[in-house]
Amino acid sequence: MARPLALLALSAGLAHGQSTFDAATPLALALGGPSDVELADLDGDGDLDAALTSVVQRTVSVCWNQGGGLFSAPMTLHQGRSAMHRVLARDLDGDGLPELVFAGGSVGLLRNLGAGAFGPAEPVDPAGVSIWTLDLGDFDGDGDLDLATGAWWSHEVAWLENLGGGTFGPRRTLTQAVLGVSDVRVRDFDGDGDGDLLSVASWGGQVLLHRRVGAGFEPPLLLFSGLAQPRSVDLGDVDGDGREDLLVGLYGGEVHWRRGLANGGFTPRAVLEEDATGLVRVRLVDLDLDGDLDALSAAEFADRITWYENLLGDLKGPRPLADPCEGAWAFSVGDLDGDGLLDVAHAVRGLDEVDWSRNLGPLDCDGNGLVDRDEIDQDATLDWDGDAALDKCQTVLACVATPNSTGLRATLAPSGSPLLADDQFGLQATGLPPGRVGFALVASEGGSTLAWGGAPARLCLAGSIARLVGPGQVVVSDAAGAAGASYLPSLGLPLGLPVQPGTSLWFQWWFRDTDPQTGAQASGTSDSALVLFR
């Protein structure tokens, strides 16, 4: 059914109008070179503690959660001879208590004895060299967690079988040709019930798949090559089609994802951002607990933790979660204050500390007691740009029209419905000079170009730009300076692509005007409007 006139959607470059996370709170101070943080209930008291590693102090330590997200000072559990890069907390011996397994040159294990006590470090892979990254998963289907390792300098990807009771067998090398292993992830890539292994060759520019078949692994399969310093990867069903999708982060700053195809391949990459410089980690996690996978990234030179929200099976963003976050290196997600929402802890190398960002819960940006998402579910025209925030809460325009000959700035608002099933969509322009001919422009991207075509008008569009044509599309503004037109999205728009669910398009109204400075005929433009078709 048709929906009422919507409010103005914003132009390109504007930050999203919602903030679901509070400013960062210190968790651990004066920790030299924090390299990892892992959240788990380590003492069995019902709240999440923080296990930390340091490359400067070469330690594995823990900060105890004293309730409500208040933490003790770090308590050192182990100090090694080499820099500590990674720590994971999992129950490896079946007693219900999470052990800590860590990578610091070689691999070690801190066995949880209960009540906040840990045994001395046990060597897991004493012959391992330059182990940089770890992951745990059941490779052999026996119900316990095996260990995957990646070595930065020795270029080795290997696994160690959990023999029971948290005791591991010898290292089994899968390959020694992954140049600069920066990440390994255990996931069931092919859906056969056992764990497969993804590895990232940062120096080699590759993402590889080590597929478990029967009692062994196939030779490494090159999924992608020629990437510019890939550093991190994750796998999960982002779009809900039952196939695993791939999230990849490049050290130069690009975060992209690829949808999984029925033949086991992937679509071309969809770039989420290109400015996460110094990116070191990406992960998929349902951060807002709405039933789908969102994405998170940490970038040490961009100095931020960023999340990309899953909206309608498509990752959107970037949205800084912790910014500034100087030298952001790693993160972990969990409910730190016991309010049922997922918070984010992050290692901040530039400040030698670990912080955490409190999840403030569902957004109610207008303070009317109703969650924005619920309001939008009832009326999709309250959120034309698809950022899950009410458009009426957004008050700053990133690209606004210049005043026209009336002295006013022309505005543009979508009307009707962004739902393709309704097939009823329109645009309404106001603040126009009366009696002037005009029509709508549509583009794949937003932008800002002042003095467009030599006129004082500002073009707020970029990428592929086209004019909407056809009967009723060229309109003369009325005496009140208003004009509008309606469209059928089912017939497509003139950009060479059909309008499909998830298509975002930018619109701007062009009109004939008079240059207020010279009196010569000139082009005039409105503000731009962003529409996410659903």
Side-chain angles (χ1 to χ4, degrees), residues 1-12 311-312 314 316 376 379-387 391-392 394 397 399-401 410-447 452 457-478 480-513 523-534:
M1 61 181 290
R3 303 257 167 50
L5 179 68
L7 298 174
L8 180 67
L10 300 189
S11 193
L311 297 171
L312 302 173
D314 193 11
K316 298 290 185 179
I376 293 164
D379 184 355
T381 65
L382 299 176
D383 178 25
W384 285 89
D385 57 0
D387 69 350
D391 290 333
K392 65 182 177 181
Q394 302 172 333
L397 294 175
C399 179
V400 299
T411 61
L412 184 67
S415 63
S417 171
L419 301 178
L420 293 177
D422 290 348
D423 203 24
Q424 185 177 5
F425 166 69
L427 295 166
Q428 297 290 327
T430 56
L432 307 172
R436 299 297 176 92
V437 66
F439 49 79
L441 300 173
V442 59
S444 57
E445 302 174 24
W452 169 51
R458 183 191 299 269
L459 181 66
C460 294
L461 306 177
S464 299
I465 304 174
R467 168 188 164 186
L468 292 180
V469 296
Q473 305 311 310
V474 178
V475 182
V476 176
S477 55
D478 62 21
S486 60
Y487 311 94
L488 293 177
S490 61
L491 299 181
L493 293 169
L495 289 176
L497 295 173
V499 181
Q500 299 176 338
T503 298
S504 293
L505 294 173
W506 296 88
F507 296 89
Q508 189 171 21
W509 195 264
W510 176 93
F511 55 92
R512 178 62 64 193
D513 197 15
S523 293
T525 53
S526 69
D527 295 341
S528 61
L530 173 62
V531 176
L532 171 66
F533 290 95
R534 298 148 166 91

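FYI, the numbering just counts along the sequence from 1.
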- request: List the atom of Ala380, the atom of Leu419, and the distance in Å for their closest heavy-atom pair.
  value: CB-CD2, 4.0 Å
Expected output: side-chain Asp527 to main-chain Leu412 donor-acceptor under 3.5 Å: no
task: Considering non-hydrogen atoms only, spot the tightest contact between Leu505 and Phe533 and give its length.
output: CD1-CE1, 3.9 Å
- request: Mind running side-chain contact (heavy atoms from CB on, under 4.5 Å) on Leu312 and Leu532 for me, showing each step along the way?
  value: CA-CA 10 Å; Leu312 302 173; Leu532 171 66; 4.3 Å; yes
query: Do any pairs count as a salt bridge (Lys or Arg N to Asp or Glu O under 4.0 Å) and have a residue in residues 467-478, sequence neighbours left out, and if so which ones?
result: none
task: Could you check Cys460 against Trp506 for side-chain contact (heavy atoms from CB on, under 4.5 Å), going step by step and ending with a plain yes or no?
output: CA-CA 9 Å; Cys460 294; Trp506 296 88; over 6 Å; no
- prompt: Which salt bridge (Lys or Arg N to Asp or Glu O under 4.0 Å) pairs, counting each pair once, include a residue from residues 432-444, with sequence neighbours left out?
  reply: Arg436-Asp513
Heavy-atom closest contact (Leu432 atom, Ala483 atom, distance): CD1-CB, 3.8 Å
Residues Leu459, Ile465; criterion side-chain contact (heavy atoms from CB on, under 4.5 Å); working and verdict: CA-CA 11 Å; Leu459 181 66; Ile465 304 174; 4.0 Å; yes
field: Heavy-atom closest contact (Lys316 atom, Ser504 atom, distance)
entry: NZ-OG, 3.6 Å
task: Give a yes or no on whether the backbone of Gln424 and the side-chain of Ser417 come within a donor-acceptor separation of less than 3.5 Å.
output: no
task: Can you see which heavy atom on Ser477 is nearest to which on Pro433, and at what distance?
output: OG-O, 2.6 Å
- line: Rounded to the nearest 0.5 angstrom, the CZ-OG distance for Arg458 and Ser526 is 12.5 Å
task: Output the distance between atom CZ (Phe439) and atom CZ (Phe511), rounded to the nearest 0.5 Å.
output: 11.5 Å
From Asp422 atom CG to Thr381 atom OG1, the distance as rounded to the nearest 0.5 Å: 10.0 Å
- prompt: Sub-3.5 Å donor-acceptor pair from the side chain of Ser464 to the main-chain atoms of Ser444, do we have one?
  reply: no
Taking only distance into account, with no hydrogens and no angle test, what donor-acceptor pairs under 3.5 Å do side-chain atoms of residues 487-494 form with protein atoms, sequence neighbours excluded?
| from | atom 1 | to | atom 2 | distance (Å) |
| --- | --- | --- | --- | --- |
| Ser490 | OG | Asp423 | OD1 | 3.2 |
| Ser490 | OG | Asp423 | OD2 | 2.7 |

For Gln500 against Leu420, the heavy-atom pair lying closest together: C-CD1, 3.4 Å
message: Quick one: does any side-chain atom of Gln508 pair with a main-chain N or O of Ala443 as donor and acceptor, under 3.5 Å?
response: no
field: Backbone N/O of Phe507 and side chain of Ser528: donor-acceptor pair under 3.5 Å
entry: no
